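Below is one structure, written out as structure tokens, with a few remarks after it.
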Number of protein chains: 2
Amino acid sequence: MIRVVVVDDEQLVRAGLRLILEAAEDITVVGEAADGAGALEQAQRLRPDVVLLDVRMPGIDGLTVAPEVVAAGPKVIMLTTFDLDEYVHRALRAGAVGFLLKDTPPRELAAAVRTVAAGNAMLAPTVTRRLISSFAERGPARRDAARERLAPLTERELAIVREVARGHGNAEIARRLTMSEATVKAHVSRALAKLHAGNRVQLAILVYDADLL
Amino acid sequence: MIRVVVVDDEQLVRAGLRLILEAAEDITVVGEAADGAGALEQAQRLRPDVVLLDVRMPGIDGLTVAPEVVAAGPKVIMLTTFDLDEYVHRALRAGAVGFLLKDTPPRELAAAVRTVAAGNAMLAPTVTRRLISSFAERGPARRDAARERLAPLTERELAIVREVARGHGNAEIARRLTMSEATVKAHVSRALAKLHAGNRVQLAILVYDADLL
DNA sequence: CCTAGGGCTCGGCCGACGGATCGGGCTGCC
DNA sequence: GGCAGCCCGATCCGTCGGCCGAGCCCTAGG
């Protein structure tokens, strides 16, 4: 039996969720709360398997308490009317493993509870879509592009550039790599030219994007 | 009516998928293929709404043709027995909007087809879980530490430091934020002092670690 | 009211660092 | 031998960064 706590500031919504979930034989609603403080208290006292947590609530809102609720043990599914990027990002970073819209059909809601109780994750389709695109964009795309740009560098030059990206000055790099400071400057200059960079900071940015540390 | 092409090297699997999908009144299977080449040909000729694409196939495998199939128009759902990280990453980068395991129940398979046809995305729960982790665990440790260090900065100072992290020089920052270069230098100096940094590159590193772009 | 403090804005000065340029030595290859 | 690429070095100059001071605005508090 999966033990669930539902949190929403509107009593009507809580009642609706309870009805939907209790209709499944393997799910039982063991507690309710109307704000973040109540949610945390119930999570710690009742130790439920899953907490359905509304995003917007008076007092402490759902996103704010989410990290603490997660820390208390249960899996957290965020519930909201609007799937704003800001909400999704904060929720996922807080450790939520579910993010559903309030127009989710009853069958899927119960399925989501079972899914997260089993240790997996469930997102609304629109949210999944957004997550994928943000993954595809910020993923290895920029990294490979950066590596491509760094390709023309000589082995030695790359070594100097990596030192630059560590925030070291030319003198310090010279000591570390046992060469003259003038030489370091020369390498940096040619790296700047090859990479069409105007700044040593831009070199550091490339190294960071290329994930070379 | 949602028009679907199923691609799998095993004839039995194709037949099974066709049976499942044709059972839904709003879905019709308009074509089949046994390898990547066939998948691409069918996608271009039949212009289906959705392509179910097996990952592992003899000849050109699913992950390899996925980008071209996506480019041809249809939404792509990857199908596989194993949800290896490598598979998922490549698939999502290729532009797939679905990633399902072959043990997905028929009802969810049809739901997934409808979901992607509607422009949204559908992943297997285990895949979603992994995606969330890789999104959330993008090093909150170092990130929060960096934010902690950046905390003492005033709003204005942080703005200048972020410009520094973009690789801009003092003069350029002055233009962008419409202030004197002397002011920029003053802010940079104080930021360096507050953060115990000796270099503007080190400021950039902090901003990067703090993930502020 | 007016004083004190903090943040933002500027200017000037100067030492230090960063970049551009030129040249030389070394290797491998045509 | 000539050429090309990499590595190293030295010199010149612009930019950066530290340090001084100053004025302005706002808020807090006597």
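Please read all numbers here as calculations on a predicted model, not as lab measurements. Labels below follow one simple rule: chain letters A, B, ... track the order of the sequence lines, proteins then strands, and each chain is numbered from 1.
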Using atom types as modelled, flag every donor-acceptor pair under 3.5 Å from a side chain in residues 73-85 of chain B to any protein atom, sequence neighbours excluded.
{"residue": "B/Thr80", "atom": "OG1", "partner": "B/Phe82", "partner atom": "N", "Å": "3.2"}
{"residue": "B/Thr80", "atom": "OG1", "partner": "B/Phe82", "partner atom": "O", "Å": "3.0"}
{"residue": "B/Asp83", "atom": "OD2", "partner": "B/Thr126", "partner atom": "OG1", "Å": "2.9"}
{"residue": "B/Asp83", "atom": "OD2", "partner": "B/Arg130", "partner atom": "NH2", "Å": "2.6"}
{"residue": "B/Asp85", "atom": "OD1", "partner": "B/Arg130", "partner atom": "NH1", "Å": "2.3"}

Sorted by chain and number, sequence neighbours left out, ring-ring contact (aromatic ring centres under 6.0 Å, His included) with A/Tyr87 holds for none
Short side-chain donor-acceptor distance under 3.5 Å, B/Glu157 and B/His187: no
Between the side chain of B/Arg147 and the main-chain N/O of B/Ala210, is any donor-acceptor distance below 3.5 Å? yes
Keeping A/Asn199 on the side-chain end and B/Gly167 on the backbone end, is there a donor-acceptor pair under 3.5 Å? yes
Contact between A/Leu177 and A/Val184 at the side-chain level, heavy atoms closer than 4.5 Å - yes or no? no
Nearest heavy-atom contact between A/Gln44 and A/Ala72 is CG-CB, 4.0 Å
Heavy-atom contacts under 4.0 Å between residues 151-160 of chain B and DNA chain C, which residues? B/Thr154, B/Glu155, B/Arg156
Option among A/Leu100, A/Val97, A/Thr128 that satisfies the side chain to side chain contact (heavy atoms under 4.5 Å, CB included) test with A/Leu123: A/Thr128
Looking only at atom types and distance, does a side-chain atom of B/Thr178 sit under 3.5 Å from a main-chain N or O of B/Ala174, one as donor and one as acceptor? no
Would you name the heavy atoms of B/Leu192 and B/Arg200 that are closest together and state the gap between them? CD2-N, 4.2 Å
Per the under-4.0 Å heavy-atom filter, residues of residues 191-202 of chain B near DNA chain D come out as B/Leu192, B/Arg200
For a side chain to side chain contact (heavy atoms under 4.5 Å, CB included) with A/Asp54, tell me which candidate from A/Arg14, A/Glu10, A/Lys102 qualifies. A/Lys102
Search all heavy atoms of A/Ala165 against all heavy atoms of A/Tyr208 and return the closest pair with its distance. O-CE1, 4.1 Å
Taking heavy atoms of chain B and a 4.0 Å limit, find me the 5'-most and 3'-most nucleotide of DNA chain D within that range. D/dC16 to D/dG18
Sorted by number, the residues of residues 170-190 of chain B with heavy-atom contact under 4.0 Å to DNA chain D: B/Asn170, B/Glu181, B/Lys185, B/Val188, B/Ser189
